Amino acid sequence: MSSLIVRFAPSPTGHVHIGNARTALLNYLFAKKHRGLFILRFDDTDAERSKEAFVQAIEADLNWLGVKPDAVLRQSQRLALHSAAAHRLQEAGRLYPCYETPEELERKRKRLQARGLPPVYDRAALALTASERARLEASGRKPHWRFKLDHRIVRWNDLVRGECHINCASLSDPVLVREDGTYLYTLPSVADDIDQKVSHIIRGEDHVTNTAVQIELFEALGAGQRLPAFGHHNLLFSATGEGLSKRSGALSIGSLREEGIEPLAVAAAAVLTGSSATVHPVVSLCELKANFDLGEISRTQARFDPAELATLSARTLHGLSFEAVRERLAAHDITGRKAEPFWLAVRGNLSTFLDAVGWWRVVEAAIEPRIEEAEFLAQARDKLPEEPWDEGIWARWTKALKEATGRKGRALFHPLRLALTGREDGPELAALLPLIGRARAAARLSGHAA
RNA sequence: GCGCCCAUCGUCUAGCGGUCCAGGACAUCGCCCUUUCACGGCGGAAACACGGGUUCGAUUCCCGUUGGGCGCGCCA
């Protein structure tokens with residue numbers, strides 16, 4: 001029994017977009033590949049910006065992608081644990097009160113930058129005497145609390161980036177507790193990771209610097225012996241080179257779904273882009289799982305092209321078995337004996353799944369035929385063999401027509417396609433005709449809607 | 001500004017000193033198959049950012065330049 005546990009920890013302040021989805025998928029697939037657990041944990045410590053509607057939307061989007069969490073948690077409901085962690089840090093002398101206002105801090109940063117220095121907190125509050133603190137508090141100032149970093153070089157072997165190191169002396173002591181006593185992301189995140197026995201933290205490379213701070217926190221909280229492994233994947237960029245952030249709504253999972261993009265195509269593109277694996281259509285998340293490897297992810301930022309997504313989606317559709325889409329077809333009342341041969345006949349011509357509904361109408365409902373050459377079509381109708389029909393019916397019928405009329409090629413086939421389907425292009429008629437059936441075919445060849 | 005990371009066809013990438021006049025995939029172009037579209041098959045065009053080193057020999061190692069990314073919040 002493996003004890004591998006991963007988590008995807010979005011803040012419910014926006015929708016899932018392709019970049020987020022990638023992190024979620026990477027975690028999920030990694031967990032499933034190693035028979036581990038996948039936790040969905042909402043980092044909702046920012047009460048101001050966190051919205052319940054986003055919680056619902058994120059779960060729905062993940063579900064659509066096929067990412068099924070083994071557990072769903074909310075940080076906001078685990079306050080006691082976070083407070084306990086804060087107290088432990090305080091007792092260990094790693095948490096100290098600071099009284100600067102945001103404006104003062106901003107000024108300090110500006111000053112340092114102007115001198116060509118990194119904008120790192122100067123630890124002025126650490127030098128405050130007890131009476132100075134008392135005076136500040138008496139004047140109505142409330143403290144926020146910082147974690148006192150150990151100024152050393154923190155190293156870890158990253159699952160995707162290899163050996164990494166960060167010099168904590170170049171970092172500001174992070175604020176863990178706000179002036180109003182609520183916690184910022186850093187502390188709850190680590191406290192929860194410890195509590196939930198998270199063994200692997202897979203996230204975007206925008207978190208590499210955080211890792212040093214978090215490793216120190218893990219250690220300060222006594223979890224130094226059970227440090228999780230870290231893996232930081234590269235970030236995706238739009239075709240025009242902008243970062244794929246919460247702001248780029250065009251690449252949100254919801255909008256992709258509305259455009260009719262296949263979830264498996266989104267997943268394949270999200271997971272495979274930016275790695276040395278070639279982007280290719282997959283039949284299931286299981287196939288994708290077997291196919292990806294954190295070590296194959298590149299360290300460079302990768303461009304994500306939505307245009308490629310559309311063709312990948314079509315190619316994905318072309319390879320889906322009837323079983324894979326049975327329920328989705330049923331949702332559009334595409335059921336019964338004809339459903340499977342129908343799917344097999346049309347799937348290769350679909351751009352989006354919804355295109356199938358149009359073809360189902362061609363075989364199952366009344367359509368207006370397009371009459372190109374009425375006389376020839378009447379002749380064709382008269383030569384229609386009696387049922388029962390099998391797959392060979394098209395070949396036998398058109399062969400007979402060819403002999404009777406001398407027509408061949410486009411002159412023979414084009415009028416038939418137009419009358420039978422009402423369209424210029426589409427799947428092989430050999431597969432479609434048996435599904436259309438004799439009565440319907442005869443009527444259409446006569447120019448009647450049927 | 002400071003720190004860290006990165007730099008190969010249009011795009012995603014393989015390459016870990018000679019096997020590379022650089023390989024694959026997607027896109028693109030041409031041909032074939034086909035009544036049409038799609039699929040499929042075959043073939044073409046297309047890249048080592050720049051400058052110094054090291055070396056008998058650099059895409060591959062080192063330094064610099066340029067370019068890009070990330071971080072530097074009482075956001076997550």
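In this text, all values refer to a predicted model and were calculated from it rather than measured experimentally. Note on naming: letters A, B, ... go to the chains in the order of the sequence lines (proteins, then strands), and numbering restarts at 1 for each one.
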Within the 4.0 Å heavy-atom criterion, would you say A:Arg423 contacts the bases, only the backbone, or no part of the nucleic acid? nothing
Which atoms form the tightest heavy-atom contact between A:Leu312 and A:Ala265, and what is the distance? CD2-O, 3.4 Å
With rounding to the closest Å, how many angstrom separate the C1' atoms on B:G15 and B:G71? 30 Å
Of B:U11, B:G1, B:U13, the nucleotide closest to the side chain of A:Pro119 is B:G1
Please state how far atom NE2 in A:His15 lies from atom P in B:A76, giving the value in whole angstrom units. 20 Å
Expressed in angstrom and rounded to an integer, what is the separation of A:Arg155 atom CZ from B:G3 atom C1'? 15 Å
Could you tell me whether the side chains of A:Arg203 and A:Thr23 share a donor-acceptor contact shorter than 3.5 Å? no
How many Å lie between CD1 on A:Ile166 and P on B:C4, as a whole number? 9 Å
Using a 4.0 Å heavy-atom cut-off across all strands, classify A:Ser189 as base, sugar-phosphate, or nothing. nothing
Pairwise P distance for B:U28 and B:C37, with rounding to whole Å: 15 Å
In the 5'-to-3' direction, what one-character label does each nucleotide of nucleotides 24-45 of chain B receive under the scheme B = base within less than 4.0 Å of a protein heavy atom, S = sugar-phosphate only, - = no such atom? BSS--------BBBS-------
Measure CZ/A:Arg22 against C1'/B:C12 and give the value in whole Å, please. 11 Å
Which base, if any, makes a Watson-Crick or G-U wobble pair with B:C61, both distances under 3.5 Å? B:G53
A:Phe304 vs A:Pro143, nearer the 5' end of RNA chain B by closest nucleotide: A:Phe304
Matching residue for A:His82 among A:Thr45, A:Asp192, A:Thr182 - test: side chain to side chain donor-acceptor pair (under 3.5 Å): A:Asp192
What string of B, S and - do you get for nucleotides 59-70 of chain B, 5' to 3', if B is base contact, S is sugar-phosphate-only contact and - is no contact with any protein heavy atom under 4.0 Å? ---------BSS
Please state the P separation for the pair B:C9 and B:A46 - nearest whole angstrom. 14 Å
Could A:Glu104 and A:Arg141 be called an ion pair, given the rule that one side-chain N must be under 4.0 Å from one carboxylate O? yes
Taking the six-membered ring of A:Phe38, is NZ or CZ of A:Arg7 closer than 6.0 Å to its centre and within 45° of its axis? no
By the 4.0 Å heavy-atom rule, please label A:Asn210 as base, sugar-phosphate, or nothing. base
Contact class for A:Leu184 vs. all strands (heavy atom < 4.0 Å): base, sugar-phosphate, or nothing? sugar-phosphate
Using the C1' atom as the reference point in each nucleotide, state the distance between B:C62 and B:C72 in Å, no decimals. 29 Å
What is the distance, rounded to the nearest whole Å, between atom OH of A:Tyr183 and atom C1' of B:C74? 14 Å
Which part of the nucleic acid, if any, lies within contact of A:Glu100, taking any heavy atom under 4.0 Å across all strands shown: a base, the sugar-phosphate backbone alone, or nothing? base
For B:A7, which nucleotide in any strand shown is its Watson-Crick or wobble partner with both distances under 3.5 Å? B:U66
Could you state the CG-P distance from A:Leu272 to B:A14, rounded to the nearest angstrom? 13 Å
Between B:C21 and B:C48, how many Å separate the two C1' atoms, rounded to a whole number? 13 Å
Short N-O contact, A:Arg407 and A:Glu373, less than 4.0 angstrom: yes
So is A:Arg146 actually on top of A:Tyr121's ring, under 6.0 Å and inside 45° of the axis? yes
Is A:Thr45 close enough to B:A76 that one of its side-chain N or O atoms is under 4.0 Å from OP1 or OP2 there? yes
Using a 4.0 Å heavy-atom cut-off across all strands, classify A:Ser275 as base, sugar-phosphate, or nothing. sugar-phosphate
Report which part of the nucleic acid A:Ser298 touches: base, sugar-phosphate, or nothing (heavy-atom distance under 4.0 Å, all strands). sugar-phosphate
Only counting residues at least two apart or in another chain, list the ones meeting side chain to side chain contact (heavy atoms under 4.5 Å, CB included) with A:Thr421. A:Trp359, A:Val362, A:Arg417, A:Arg423, A:Leu429, A:Leu432
For the C1' atoms, the ones on B:U60 and on B:C75, what distance do you get once it is rounded to whole angstrom? 42 Å
What is the separation between atom CG on A:Asn167 and atom C1' on B:G71, rounded to the nearest whole Å? 14 Å
Test the A:Arg41-A:Phe8 pair against the cation-pi criterion, namely NZ or CZ under 6.0 angstrom from the six-membered ring centroid and within 45° of the ring axis. no
In Watson-Crick or G-U wobble terms, both distances under 3.5 Å, what is the partner of B:C2? B:G71
Can you work out whether A:Arg299 or A:Asn234 has the more 5'-proximal nearest nucleotide on RNA chain B? A:Arg299
Are A:Arg152 and A:Asp150 ion-paired here, with the side-chain N under 4.0 Å from a carboxylate O? yes
If I pick the C1' atom on B:C5 and the same atom on B:G41, what distance separates them, to the nearest angstrom? 43 Å
Any carboxylate oxygen within less than 4.0 angstrom of a Lys/Arg side-chain nitrogen, looking at A:Glu364 and A:Lys338? yes
In whole Å, what separates the C1' atom of B:C74 from that of B:C70? 23 Å
Whole Å only: how far is the NE2 atom of A:His165 from the P atom of B:G3? 12 Å
Picking from A:His151, A:Lys148, A:Arg123, what satisfies side chain to side chain donor-acceptor pair (under 3.5 Å) with A:Asp173? A:Arg123
